[in-house]
Amino acid sequence: MASYYYLLSSLPMLTASAPPPMEYAAFLEMCRSSVSPATYTALEELTVDSDRGALLKPWSRFYQRLREELRYQRMTRLGKSCQPPEDRDAAAAVQAAMAAENPLLGEQQLLELEFRQIDALVGFHVFDDVALFGYALKLKLLSRLYGFQFEAGKAEFKSLLDGIQQKIYRL
């Protein structure tokens, strides 16, 4: 764990409101010489759904509940019947994100919720696997959000809308 002091203190700070300061591959390269082979393998295989490793079991439970709530509210919004999740702790946050001005802002709100949960799970851990996996999860989540290409998405939406309009005009 002594090698974690330099590693964790040299990592750039992550915030939900800024793009990731590095790619996940660069993070892994920084970890290669500082962590055990087992920890490195766990970091390599890490996804936001992972449940094996320091911090990951409670994170996985939270993330699963969040996804269940998202599914429930989406299905309800579409007018389809759906069994409500047993744990509705995230209901208000999900509802606020779904009511956001645009989907990207909603994703940003959910990211902030996820960051707060990771911070709560990491707690006072600073130079250990819990802190390292918390950082890795945040980096994965940021990479996902900032991987969205706004202009490309807007162009695709316009293309789809134009296609629908053409079909309507033909009727």
Side-chain angles (χ1 to χ4, degrees), residues 1-32 34-76 82-100 103-148:
M1 296 284 178
S3 61
Y4 281 26
Y5 293 121
Y6 177 75
L7 171 64
L8 287 167
S9 62
S10 67
L11 292 171
M13 190 169 127
L14 301 177
T15 63
S17 59
M22 69 177 106
E23 298 288 325
Y24 195 76
F27 166 73
L28 284 175
E29 192 56 39
M30 291 176 75
C31 293
R32 183 180 302 276
S34 301
V35 300
S36 71
T39 299
Y40 185 80
T41 300
L43 288 169
E44 264 185 322
E45 297 170 354
L46 182 70
T47 67
V48 293
D49 295 318
S50 297
D51 65 352
R52 291 193 179 143
L55 171 91
L56 298 179
K57 282 192 190 302
W59 164 256
S60 178
R61 284 192 299 274
F62 164 80
Y63 195 68
Q64 182 63 34
R65 289 191 316 262
L66 179 64
R67 287 186 1 195
E68 288 170 1
E69 185 63 38
L70 277 165
R71 180 181 179 279
Y72 171 71
Q73 289 197 27
R74 286 174 179 154
M75 296 296 280
T76 303
C82 181
Q83 184 76 11
E86 290 180 22
D87 187 343
R88 306 267 335 261
D89 287 346
V94 169
Q95 194 168 27
M98 290 181 69
L104 192 58
L105 288 176
E107 288 288 334
Q108 180 69 37
Q109 289 174 351
L110 291 175
L111 180 69
E112 290 168 3
L113 171 68
E114 292 162 342
F115 266 45
R116 285 192 304 272
Q117 181 64 29
I118 292 169
D119 288 341
L121 292 171
V122 168
F124 293 110
H125 292 267
V126 182
F127 299 111
D128 61 6
D129 280 343
V130 173
L132 183 65
F133 277 87
Y135 188 92
L137 276 173
K138 284 182 173 183
L139 188 56
K140 285 276 188 181
L141 291 166
L142 273 175
S143 297
R144 179 186 172 276
L145 179 68
Y146 283 92
F148 295 145

Between [X] and [Y], is any pair of side-chain heavy atoms under 4.5 Å apart?
X      : Y      : value
Tyr4   : Val35  : yes
Phe27  : Leu43  : yes
Leu132 : His125 : no
Leu145 : Leu104 : yes
Leu11  : Leu139 : no

[X] to [Y] - nearest heavy-atom pair and separation:
X      : Y      : answer
Ala42  : Phe133 : CB-CZ, 3.7 Å
Ser60  : Ser50  : CB-O, 3.7 Å
Leu7   : Ser10  : O-OG, 2.9 Å
Gly106 : Ala100 : N-CB, 3.5 Å
Val122 : Leu55  : N-CD1, 3.9 Å

- Could you check Val48 against Glu114 for side-chain contact (heavy atoms from CB on, under 4.5 Å), going step by step and ending with a plain yes or no? CA-CA 10 Å; Val48 293; Glu114 292 162 342; over 6 Å; no
Any chance you could measure [X], atom [atom1], to [Y], atom [atom2], to the nearest 0.5 Å?
X      : Y      : atom1 : atom2 : result
Leu121 : Arg116 : CG    : CZ    : 13.0 Å
Thr76  : Gln95  : OG1   : CD    : 10.0 Å
Asp129 : Thr39  : CG    : OG1   : 4.5 Å
Leu105 : Leu110 : CG    : CG    : 11.0 Å
Arg144 : Glu107 : CZ    : CD    : 4.5 Å
Leu137 : Leu142 : CG    : CG    : 11.0 Å

- Show your reasoning for whether side-chain contact (heavy atoms from CB on, under 4.5 Å) applies to Tyr135 and Ile118. CA-CA 9 Å; Tyr135 188 92; Ile118 292 169; over 6 Å; no
- Task: Identify which one of Met75, Glu69, Arg74, Glu68 satisfies the side chain to side chain contact (heavy atoms under 4.5 Å, CB included) criterion when paired with Tyr72.
- Result: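 Of the listed options, the one satisfying the test is Glu69.
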- Is atom CZ of Arg88 surrounded by more than 12 heavy atoms (other residues, nucleotides or ligands) closer than 6.0 Å?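 Yes.
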- Message: For residues 44-66, which residue pairs pass the salt bridge (charged side-chain N to carboxylate O under 4.0 Å, His left out) check, not counting sequence neighbours?
- Response: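 Passing the test, one end in residues 44-66: Asp49-Arg67, Arg65-Asp87.
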- Message: Under the salt bridge (charged side-chain N to carboxylate O under 4.0 Å, His left out) definition, can you give me all pairs with a residue in residues 9-28, not counting sequence neighbours?
- Response: none
- Please identify each residue that fulfils salt bridge (Lys or Arg N to Asp or Glu O under 4.0 Å) with Glu29, with sequence neighbours left out.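 If we apply the salt bridge (Lys or Arg N to Asp or Glu O under 4.0 Å) test to Glu29, skipping adjacent residues, the hits are Arg32.
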- Message: If we ignore hydrogens and angles and just use 3.5 Å, is the side chain of Lys140 paired with the main-chain N or O of Leu46 as donor and acceptor?
- Response: yes
- Item | Sidechain-backbone polar pair: Ser34 side chain, Cys31 backbone, donor-acceptor under 3.5 Å |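 Flag not set: sc Ser34 to bb Cys31 has no pair under 3.5 Å.
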- How are the rings of Tyr63 and Trp59 set relative to one another: parallel (under 30°), tilted (30 to 60°) or perpendicular (over 60°)?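 Because their plane-to-plane angle is under 30°, the rings of Tyr63 and Trp59 count as parallel.
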